[in-house]
Amino acid sequence: MGAGHSHGPASLGPAPRQLRLLVALLVGPLVLATVVGLVALWPDGDLEITSPGADVQRGTATVQEIVPCRREAAGCRAAQVELHSGPGAPGQAEAVLPYGDGAPEVEPGDRIVVTYVAQGEAGEQYAFQDFDRGPPLLTLTVLFALGVLALSRWRGIGSLVSLAFSLVLIAVFTLPAIMEGAAPLAVAVVTAAAIMVVTLYLSHGFTVRSTVAMLGTLVSLAVIAGLGWVFTTVGHFTGLVDEGSQYISSIAAQVDLHGLLLAGLVIGALGVLDDVTVTQTWAVWELADLDPDASARSLFVRAMRIGRSHVASTVNTLVLAYVGATLPLMLVFSALELPFGIAVSQEVVAQEVVRGLVGGLGIIAAVPVTTAIAALVAAQLVRQRRTAGSGPSHRA
């Protein structure tokens with residue numbers, strides 16, 4: 001390499017005008033379709049749901065002292081608590097604690113979540129629901145953010161903002177839209193597209209590389225959505241397999257549970273696809289920078305070697321994550337001595353199998369698709385750099 005060659009993907013130089021125009025033609029309709037989808041599917045907030053527990057309010061408290069409860073029952077306990085939020089806060093109250101075999105141990109100093117029922121008898125209006133895990137979760141979140149910033153520096157800020165955007169979008173758009181009866185798969189696709197556009201450009205900059213990664217992600221999401229629809233339909237999946245789904249069906253019959261399964265599959269695979277497509281695109285850029293004479297075919301072949309190793313580890317990670325989610329249930333089936341084939345075919349397990357395998361196929365598709373697009377674009381940038389000669393480095 002010559003002494004004037006600057007390392008890193010930025011040295012490929014600015015994209016030629018024709019390439020920038022092509023990128024705009026590809027990205028423009030995607031962004032427009034995403035905006036239209038958000039507007040068309042945005043929840044209007046008119047949905048009213050009558051929940052069986054609508055008269056129950058919740059708050060947080062700290063246990064001051066464990067005392068006998070007022071009801072005459074063996075083992076019954078109560079706690080004097082300091083209310084921090086919810087009905088009666090700030091103030092003191094007596095909350096009934098769970099008792100019996102397997103009941104959680106509550107001690108003075110514990111932060112807990114309490115329920116409040118106004119119609120309850122004196123001394124029994126408040127009751128323990130769960131431990132308040134807010135403080136440790138907040139501490140863990142801060143440690144996570146500091147770790148990201150320490151390693152990624154200014155890029156970490158973009159990543160954290162992107163993560164916050166993703167969570168807020170799901171909270172204010174995805175969940176309410178599905179609850180109001182919108183098609184879950186359509187909502188998930190619009191959500192994924194919006195997250196994809198904002199996350200990739202905010203985390204990695206408005207560059208050709210980010211656009212290539214986005215296109216690879218989009219194609220892979222289409223593969224996942226298509227395969228997911230086919231196999232959940234052929235497999236007669238209902239989506240009505242856990243307590244959460246059953247509860248939703250009882251209070252919001254308008255929610256399409258089969259579509260909800262597909263929506264979870266699409267959104268769940270997005271994060272892994274982002275990692276794969278960005279890695280492959282950046283790998284091609286680095287290879288093109290190190291070898292200015294490389295052809296698109298050469299870049300593709302060499303980057304695919306990296307991609308194969310990445311797929312092997314990523315697919316294994318994805319499948320094991322879904323297997324881990326069903327491990328307690330598999331133990332139940334094992335205790336019942338169900339044959340493995342029958343246990344796996346149970347919908348509650350089979351849906352995780354489909355998620356893992358369909359997500360894996362999406363990753364497998366993402367590597368060659370993204371690598372091919374990146375190799376073609378990077379080769380074009382290399383040719384442009386050779387034609388223009390050495391000059392100042394610009395971001396591509």
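Note that these values count all heavy atoms, side chains included, but never hydrogens, waters or copies made by symmetry.
The CG atom of Leu287 sits 5.0 Å away from atom CD1 of Ile306, with the distance rounded to the nearest 0.5 Å. Remark: Leu30 CG to Met214 CE distance equals 5.0 Å, nearest 0.5 Å. With rounding to the nearest 0.5 Å, the separation of CZ in Arg58 from OH in Tyr116 is 14.5 Å. Atoms CG and CH2, from Leu299 and Trp285 in turn, are 9.5 Å apart once rounded to the nearest 0.5 Å. Residue Gln92 holds its CD atom at 5.5 Å from CD of Gln64, rounded to the nearest 0.5 Å. A distance of 11.0 Å separates CD1 in Ile373 from OG1 in Thr211, rounded to the nearest 0.5 Å.
For the pair Val187 and Ala182, the tightest heavy-atom approach, listed with the atom from each and the gap, is CG2-CB, 3.7 Å. For the pair Ala61 and Val114, the tightest heavy-atom approach, listed with the atom from each and the gap, is CB-CG1, 4.4 Å. Looking at every heavy atom in both residues, Val369 comes nearest to Gly216 through CG1-CA, 4.4 Å. Pro43 and Phe173 make their closest contact through CD-CD1, 3.9 Å (heavy atoms, listed as atom of the first residue, atom of the second, distance). Nearest heavy atom pair, residue Ala93 against residue Leu83, reads CB-CD1, 3.8 Å. Nearest heavy atoms, Phe128 versus Pro104: CE2-CG, 3.8 Å.
For residues 256-277, the pairs satisfying side-chain hydrogen bond (donor to acceptor under 3.5 Å, both in side chains) are Thr217-Thr277, Thr232-His258, Asp275-His310, with sequence neighbours left out.
Both Val190 and Val172 are members of a single hydrophobic cluster when ILVMFWY side chains are connected at heavy-atom separations under 4.5 Å. Residues Leu138 and Leu149 are members of separate hydrophobic clusters, defined by side-chain heavy-atom contacts under 4.5 angstrom among Ile, Leu, Val, Met, Phe, Trp and Tyr. There is no path of hydrophobic side-chain contacts, each under 4.5 Å, that joins Trp42 to Val36. Tracing side-chain contacts under 4.5 Å through hydrophobic residues (I, L, V, M, F, W, Y), one never reaches Val142 starting from Leu151; they form parts of separate clusters. Note on Val106 and Val96: separate hydrophobic clusters, where clusters join Ile, Leu, Val, Met, Phe, Trp and Tyr whose side-chain heavy atoms are under 4.5 Å apart, directly or indirectly.
Partners of Arg77 according to the salt bridge (charged side-chain N to carboxylate O under 4.0 Å, His left out) rule, which considers only residues two or more places apart in sequence or in another chain, do not exist here.
In this structure, the side chain of Ser162 does not engage the main chain of Leu202 through any donor-acceptor pair within 3.5 Å. Using modelled atom types, no side-chain atom of Gln80 and backbone atom of Ile66 make a donor-acceptor pair closer than 3.5 Å. No side-chain donor-acceptor contact under 3.5 Å links Asp291 to the backbone of Ala288. A distance-only check finds no donor-acceptor pair linking the side chain of Tyr126 to the backbone of Val117 [under 3.5 Å]. Using modelled atom types, one side-chain atom of Glu180 and one backbone atom of Asp44 make a donor-acceptor pair closer than 3.5 Å.
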Derivation and outcome, side-chain contact (heavy atoms from CB on, under 4.5 Å), residues Gln125 and Gln119: CA-CA 7 Å; Gln125 292 177 309; Gln119 296 79 13; over 6 Å; no
Evaluation steps, side chain to side chain donor-acceptor pair (under 3.5 Å), between Thr62 and Glu82: CA-CA 5 Å; Thr62 298; Glu82 177 73 28; over 6 Å; no
Stepwise side-chain contact (heavy atoms from CB on, under 4.5 Å) check, Met179 with Val255: CA-CA 6 Å; Met179 284 298 294; Val255 175; 4.1 Å; yes
side-chain contact (heavy atoms from CB on, under 4.5 Å) assessment of Phe144 paired with Leu160: CA-CA 10 Å; Phe144 170 77; Leu160 293 175; 4.1 Å; yes
Criterion side-chain contact (heavy atoms from CB on, under 4.5 Å) on Val367 and Val276, from CA distance to verdict: CA-CA 7 Å; Val367 170; Val276 171; 3.6 Å; yes
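Around atom CH2 of Trp229, no more than 12 heavy atoms belonging to other residues, nucleotides or ligands sit under 6.0 Å away. Other residues, nucleotides and ligands place more than 12 heavy atoms under 6.0 Å from the CZ atom of Phe131. For Leu137, the CG atom is densely surrounded, since the number of other residues' heavy atoms within 6.0 Å is greater than 12. Residue Phe165 places its CZ atom among more than 12 non-hydrogen atoms of other residues, nucleotides or ligands, all under 6.0 Å distant.
Side-chain atoms of Thr60 and Ile112, non-hydrogen and from C-beta on, never get closer than 4.5 Å to each other. Side-chain contact check for Thr191 versus Leu270: every heavy-atom pair is 4.5 Å or farther apart. Looking only at side-chain heavy atoms (C-beta outward), Val208 and Val377 come within less than 4.5 Å of each other. When side chains are defined from C-beta on, Ser220 does not count as touching Ile363, because their heavy atoms never get closer than 4.5 Å. You'll find the side chain of Thr174 reaches within 4.5 Å of the side chain of Ile267, heavy atoms only. For the pair Arg111/Arg133, no side-chain contact is recorded, criterion being any heavy-atom separation below 4.5 Å from C-beta on. With contacts defined as side-chain heavy-atom distances shorter than 4.5 Å, the pair Glu94/Val81 does not qualify. Counting only heavy atoms from C-beta outward, the side chains of Thr281 and Thr370 approach each other to under 4.5 Å.
Arg305 and Ser309 form no side-chain donor-acceptor contact under 3.5 Å, judged by distance and modelled atom types alone. Neither side chain, Gln57 nor Thr115, offers a donor N or O lying under 3.5 Å from an acceptor on the other.
For the pairing with Ile224, the side-chain contact (heavy atoms from CB on, under 4.5 Å) check across Leu262, Leu273, Leu361 returns one residue only, Leu273.
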